[in-house]
Number of protein chains: 2
Amino acid sequence: MLSRKKEIPEQLNERLATSGLRFTPQRQQVYNVLLDTRDHPTAEEVFLRAKHESPDISMATVYNCLDALVTCGLVRQVNVNRAATRYCPNMNDHCHFYCDDCGKVLDVNCTSAGPVAGAKVPSGFQVTHYELSLRGHCPDCAAKAAKLHH
Amino acid sequence: MLSRKKEIPEQLNERLATSGLRFTPQRQQVYNVLLDTRDHPTAEEVFLRAKHESPDISMATVYNCLDALVTCGLVRQVNVNRAATRYCPNMNDHCHFYCDDCGKVLDVNCTSAGPVAGAKVPSGFQVTHYELSLRGHCPDCAAKAAKLHH
DNA sequence: CTTCAGCTTAGAATAATTCTAAGTATTGAC
DNA sequence: GTCAATACTTAGAATTATTCTAAGCTGAAG
Ligand SMILES: [Mn+2]
Ligand SMILES: [Mn+2]
Ligand SMILES: [Zn+2]
Ligand SMILES: [Zn+2]
């Protein structure tokens with residue numbers, strides 16, 4: 001990685017442009033952090049990871065960049081209980097599993113109709129968004145717990 | 001309502017006792033506020049309503065009482081996005097609809113299996129809780145919007 | 001080269017909630 | 001009943017995540 005030219009990724013650039021936003025190195029950096037490790041980091045965690053590559057980036061900028069990425073539809077916010085908001089670059093229809101033991105947040109596939117169909121929404125209600133979060137024990141932690149009981 | 005004796009409602013008293021908690025007038029008052037108007041008020045709103053009857057109650061006490069009621073299983077917390085936590089005394093299995101127009105939060109029935117069945121949870125995951133929140137337009141607001149377009 | 005809108009930044013401000021420490025009330029031996 | 005132990009309420013301070021503010025920077029367009 002000796003030459004680091006201005007290779008602006010067109011996909012990010014275009015998406016930003018459609019929302020009237022500019023491409024900036026900070027936005028690129030923040031987006032890369034999210035794509036790099038898809039573990040639903042908080043803004044704080046994104047900040048720490050981004051600082052490795054760009055030591056001068058500020059927390060405010062991380063919030064601003066995350067906001068820009070959400071606005072242009074490349075990233076979504078994930079809220080579990082009232083903990084700090086997490087960020088997810090997977091824009092496919094999915095929901096989230098939160099492990100009460102290790103705290104990991106994992107993607108779970110579900111079709112758009114899926115969870116909403118499971119709810120008995122009375123007629124007259126227009127559902128435009130939904131958010132389903134699941135909590136419990138992830139396979140790893142469930143296995144560990146099983147071992148402790150022999 | 002001239003005589004206001006110490007009629008301790010046994011149901012609340014028992015529920016508190018099973019969690020090692022005591023009956024107090026403040027807890028009664030806060031619970032009454034929730035039962036009175038089931039519109040999913042925030043702690044702040046509960047505080048304001050409780051003050052009508054008990055002008056000396058404090059915000060900290062409202063938070064403490066709500067916490068006690070949640071602990072003993074009479075009340076559940078409802079989080080929509082990152083707004084202030086709301087409180088719901090309906091302990092039947094249900095999820096919530098949030099109207100983006102008027103901000104109302106309404107109960108929507110759904111069987112325990114419902115929304116989780118709609119998600120394709122891989123085997124190995126143990127789901128102990130789930131939370132489904134729906135957003136969109138409530139019947140009232142949808143009707144109003146329809147009128148504006150003739 | 002100037003202008004101007006958009007961007008980044010540090011630090012202040014805000015909002016919801018939790019913590020702290022002090023005073024009260026209730027319980028349950030004795 | 002007295003007394004100590006425990007639980008509860010309260011005001012205000014502290015905390016946490018997030019947003020706001022104001023100043024300086026940047027890069028495209030004229
Ligand atoms: Mn995700
Ligand atoms: Mn409810
Ligand atoms: Zn786990
Ligand atoms: Zn409405």
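Lettering of chains follows the sequences in order, A, B, ..., and the numbering in each one begins at 1.
For the pair B:Thr85 and C:dT17, the criterion of a side-chain N or O lying under 4.0 Å from OP1 or OP2 is met. Phosphate contact (OP1/OP2 of C:dT27, side-chain N/O of B:Arg22, threshold under 4.0 Å): absent. Between A:Arg82 and D:dA17 there is no side-chain N or O to OP1 or OP2 distance below 4.0 Å. For the pair B:Thr24 and D:dT9, the criterion of a side-chain N or O lying under 4.0 Å from OP1 or OP2 is met.
If you check every strand for non-hydrogen atoms under 4.0 Å, B:Thr61 touches a base. At a threshold of 4.0 angstrom between heavy atoms, the contacts of A:Gln26 are confined to the sugar-phosphate backbone, with no base atom among them. Within 4.0 Å of A:Ala84, counting heavy atoms only, lie sugar-phosphate atoms of the nucleic acid but no base atom. Counting non-hydrogen atoms under 4.0 angstrom, A:Asn64 reaches a base of the nucleic acid.
In this structure, CZ of B:Arg27 is placed 12 Å from C1' of C:dA25, rounded to the nearest angstrom. Distance CZ (A:Phe47) to C1' (D:dT18): 14 Å, rounded to an integer number of Å. Rounded to whole Å, atom P of C:dA16 lies 15 Å from atom CG of A:Asn79. One interatomic measurement links the two molecules: CE of A:Met59 to C1' of C:dA12, which rounds to 16 Å at whole-angstrom precision.
When the options A:Thr42, A:Val62, A:Val78, A:Val75 are evaluated for a side chain to side chain contact (heavy atoms under 4.5 Å, CB included) with A:Tyr87, the one that passes is A:Val75.
Mapped onto DNA chain D by nearest heavy atom, B:Ile57 and A:Tyr63 fall at different nucleotides, with B:Ile57 at the one closer to the 5' end. In terms of position along DNA chain D, the nucleotide closest to B:Gly20 lies nearer the 5' end than the nucleotide closest to the other residue of the pair B:Gly20 and A:Thr42.
Side-chain contact between B:Phe125 and A:Pro139 is present, with heavy atoms from C-beta onward closer than 4.5 Å.
If you check D:dT10, D:dT19, C:dC7 against the side chain of A:Leu21, the one that comes closest is C:dC7.
Under 3.5 Å, the side chains of A:Thr61 and A:Gln26 contain no donor-acceptor pair of N or O atoms.
Using cut-offs of 30° and 60° for the angle between ring planes, the A:His40 and A:His94 rings count as tilted.
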